[in-house]
Peer 1: 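This is the structure, below, for whatever I ask next.
Numbers restart at 1 for each chain; the letters A, B, ... are given by sequence-line order, proteins then strands.
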There are 2 protein chains.
Amino acid sequence: MSNSIYTYAITVPSTLGYALLGLLARHARTGYELTQALRAPIGYYWTASHSQVYPELAQLEEQKLVAHRVIDGPGPRDTKRYRITPAGRRAVAVWAVRPPDAAHNRDQLMLKVYSMWTADPVRARALVVGQRDAAAAMLRHYGEIERSMRQDHGELLDDPTTPQFSSYATLRRGLGFERHAVAWCDWLLAALTGEKPAPPEPE
Amino acid sequence: MSNSIYTYAITVPSTLGYALLGLLARHARTGYELTQALRAPIGYYWTASHSQVYPELAQLEEQKLVAHRVIDGPGPRDTKRYRITPAGRRAVAVWAVRPPDAAHNRDQLMLKVYSMWTADPVRARALVVGQRDAAAAMLRHYGEIERSMRQDHGELLDDPTTPQFSSYATLRRGLGFERHAVAWCDWLLAALTGEKPAPPEPE
DNA sequence: TAGCACATGTAACTCGTTACATGATTTG
DNA sequence: CAAATCATGTAACGAGTTACATGTGCTA
């Protein structure tokens with residue numbers, strides 16, 4: 001059947017695959033629980049729906065990076081609890097320190113701002129106010145998470161070999177990101193309102 | 001043939017379509033020139049390859065938001081210069097101030113950091129150093145652009161009705177973003193090296 | 001008893017990338 | 001004369017979203 005030794009292509013996990021391995025490296029979960037983790041906390045920087053998760057888990061299992069055990073069944077299908085294999089654990093560890101693919105930071109808001117000069121200034125202001133409020137809300141939310149992390153763990157947040165440290169590092173990035181987003185919105189709002197620092201010629 | 005008045009679905013431009021309209025709102029361009037703009041400056045927050053641009057232009061033309069005129073031909077096909085129509089201009093202006101779709105900020109680096117605790121600390125450090133340097137290089141690059149913008153235009157950067165203002169606003173976001181990225185990498189590097197602020201119990 | 005959380009899967013579709021394809025003009 | 005730039009298009013594929021599909025157990 002085969003006319004080549006390359007008939008079977010070697011497949012490496014997709015980015016989603018590594019995201020799932022990273023979650024399973026912490027503890028075993030069902031596909032459903034993995035999907036939930038892809039809303040929060042992973043959802044803050046990577047999302048996926050369950051329709052992507054289940055096929056990906058099947059692929060990871062084919063590659064022997066995860067394994068599952070049936071635990072029980074509330075619905076028409078079995079409930080499967082997945083755990084990471086030693087090979088899977090090695091795969092995440094290697095992937096985690098390889099430089100990421102040159103990231104194209106898709107930011108729809110920037111695209112809109114790029115064309116904002118064509119729009120109604122009143123509506124432009126409203127958009128920026130809304131974005132500012134959303135960023136401020138996220139900032140508060142992250143602040144609450146930080147407080148509870150400091151309380152629950154504490155010492156662990158200083159040790160880079162703990163999963164808590166890794167979580168904390170991503171949280172700090174989120175905090176800085178939203179803090180800057182708010183500051184930028186405030187600057188833009190001032191500029192849109194026409195607050196010039198000491199204009200030489202008065203109207 | 002038709003059993004419904006809804007046979008013809010109304011189609012609105014995709015995000016890429018609006019990106020193209022935003023570029024054409026500034027001045028007329030060929031598909032090739034639009035593709036180049038989608039590397040820089042738009043490429044800093046939105047990318048697309050020419051294989052996406054040409055079909056999208058055809059769709060925008062079908063929707064009467066752009067129009068083209070053949071100018072000459074170096075290759076086997078005609079060279080087409082596209083300009084925005086009044087309807088296209090109205091479409092961008094409206095889109096620009098509508099809240100963006102709830103953005104899922106995909107950040108592969110954060111995903112890697114989330115699993116960094118499983119990895120070799122030496123390689124982890126190397127990854128973060130590399131990311132820090134890349135962010136610092138971008139920061140310098142944006143700084144140069146800012147200087148040339150201030151020189152070329154200057155007054156215009158204070159007027160929200162000019163395209164230069166819009167460009168400047170996105171640039172400022174980039175500057176803040178990279179500045180924070182560098183600071184965060186520095187923090188992470190210190191944490192990975194094990195610089196604790198006055199540890200109570202010595203080893 | 002209606003709705004939600006739990007739990008897993010498939011199908012259709014859009015978006016985006018890489019590769020295929022062609023060919024003139026300019027530059028080293 | 002080889003390579004890059006200009007210039008436009010199609011095809012195949014992978015990634016991601018929304019909708020379709022099923023069914024249990026708990027709670028308001």
Peer 1: Does B:Arg106 or B:Pro55 map to a spot on DNA chain D nearer the 5' end, using the closest nucleotide for each?
Peer 2: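 Comparing both residues, the 5'-ward one is B:Pro55.
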Peer 1: In this structure, how many angstroms lie between the P atom of D:dA7 and the CZ atom of B:Arg29, rounded?
Peer 2: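 Distance check: B:Arg29 CZ to D:dA7 P gives 13 Å.
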Peer 1: By nearest atom, which of the nucleotides D:dG16, D:dG9, C:dT8 is closest to the A:Thr30 side chain?
Peer 2: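 Side chain of A:Thr30 sits closest to C:dT8.
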Peer 1: What does A:Thr79 touch in the nucleic acid at a heavy-atom separation under 4.0 angstrom: a base, only the sugar-phosphate, or nothing?
Peer 2: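 Sugar-phosphate, no base atom in range.
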Peer 1: Just to be sure I understand the rule, does B:Ser51 reach a base, reach only the sugar-phosphate, or reach nothing, if contact means heavy atoms closer than 4.0 Å?
Peer 2: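 The residue B:Ser51 makes base contact.
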Peer 1: Which of the following nucleotides, C:dT17, C:dC6, D:dT8, is nearest to the side chain of A:Gln36?
Peer 2: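 The nucleotide sitting nearest to the side chain is C:dC6.
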Peer 1: Heavy atoms only: give me the nearest A:Thr30-A:Arg81 pair and the separation to one decimal.
Peer 2: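 Taking A:Thr30 first and A:Arg81 second, the nearest heavy atoms are CG2-NH2, 4.0 Å.
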Peer 1: Take the protein atom CG of B:Asp72 and the nucleotide atom P of C:dT25, then report the distance between them rounded to whole Å.
Peer 2: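 In whole Å, C:dT25 P lies 10 Å from B:Asp72 CG.
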Peer 1: Name the closest nucleotide to the B:Tyr32 side chain, picking from D:dA7, D:dG16, D:dA21.
Peer 2: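 For B:Tyr32, the side-chain atoms sit closest to D:dA7.
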Peer 1: Which part of the nucleic acid does B:Glu56 contact within heavy-atom distance under 4.0 Å: base, sugar-phosphate only, or nothing?
Peer 2: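 Nothing: the residue B:Glu56, judged by heavy atoms under 4.0 Å, touches no strand.
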Peer 1: Regarding A:Arg81, tell me which of base, sugar-phosphate or nothing describes its non-hydrogen contacts under 4.0 Å with the strands shown.
Peer 2: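 Contact class for A:Arg81: none.
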Peer 1: Students often get this wrong, so: under 4.0 angstrom with heavy atoms, is B:Thr15 touching a base, only sugar-phosphate, or nothing?
Peer 2: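 Answer is nothing: B:Thr15 stays at 4.0 Å or more from every strand.
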Peer 1: Taking atom CZ of A:Arg39 as the centre, does the number of heavy atoms from other residues, nucleotides or ligands within less than 6.0 Å exceed 12?
Peer 2: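 Not more than 12 within 6.0 Å, no.
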Peer 1: Taking CG from B:Leu111 and P from D:dA15, how many angstroms apart are they, rounded to a whole number?
Peer 2: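 Rounding to the nearest Å, CG of B:Leu111 and P of D:dA15 are 14 Å apart.
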Peer 1: Decide if the gap between the ring center of A:Tyr142 and the ring center of A:Tyr44 is smaller than 6.0 angstrom.
Peer 2: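 Yes.
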Peer 1: Check the distance between C:dC15's P and B:Leu38's CG and give it to me in whole angstrom.
Peer 2: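 The answer, rounded to whole Å, is 15 Å.
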Peer 1: Any side-chain N or O of A:Gln52 below 4.0 angstrom from OP1/OP2 of D:dT17?
Peer 2: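 Checking D:dT17 against A:Gln52, a side-chain N or O does come within under 4.0 Å of OP1 or OP2.
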Peer 1: Fit a plane to each ring of A:Phe165 and B:Trp187, take the angle between them on a 0 to 90° scale, and name the class: parallel (under 30°), tilted (30 to 60°) or perpendicular (over 60°).
Peer 2: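 Because their plane-to-plane angle is under 30°, the rings of A:Phe165 and B:Trp187 count as parallel.
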Peer 1: Starting from P on D:dG16, measure out to CG on B:Asp101 and report it in whole angstrom.
Peer 2: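 So the CG-P distance, B:Asp101 to D:dG16, works out to 17 Å.
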Peer 1: A:Arg39 CZ to C:dC6 P: how many Å, rounded?
Peer 2: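 Checked: the CZ to P distance equals 12 Å.
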Peer 1: Verify the contact: side-chain N or O of B:Thr47 to OP1 or OP2 of C:dT17, cut-off strictly under 4.0 Å; return yes or no.
Peer 2: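 So the side chain of B:Thr47 is within the cut-off, an N or O lying under 4.0 Å from OP1 or OP2 of C:dT17.
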Peer 1: To the nearest angstrom, how far is A:Asp78 atom CG from D:dT22 atom P?
Peer 2: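 Going from A:Asp78 (CG) to D:dT22 (P), I get 18 Å.
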Peer 1: Ignoring hydrogens, what is the shortest heavy-atom contact between B:Lys112 and A:Arg98? Give both atom names and the distance.
Peer 2: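 Closest approach of B:Lys112 to A:Arg98, heavy atoms only: NZ-O, 2.9 Å.
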Peer 1: Between A:Tyr54 and C:dG9, is there a side-chain N or O to OP1/OP2 distance below 4.0 Å?
Peer 2: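 For C:dG9, neither OP1 nor OP2 has a side-chain N or O of A:Tyr54 closer than 4.0 Å.
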Peer 1: Measure from CZ on B:Arg77 to P on C:dG23 and round the result to the nearest Å.
Peer 2: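 It is 9 Å, rounded to the nearest whole Å.
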Peer 1: For the pair A:Trp95 and A:Tyr18, name the ring-plane relationship: parallel under 30°, tilted 30 to 60°, perpendicular over 60°.
Peer 2: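 Judged by the thresholds at 30° and 60°, the geometry between A:Trp95 and A:Tyr18 is parallel.
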Peer 1: Heavy atoms from C-beta onward define the side chain here; which of C:dG9, D:dA15, D:dT8 lies closest to that of A:Ser14?
Peer 2: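 Looking only at side-chain atoms, A:Ser14 lies closest to D:dA15.
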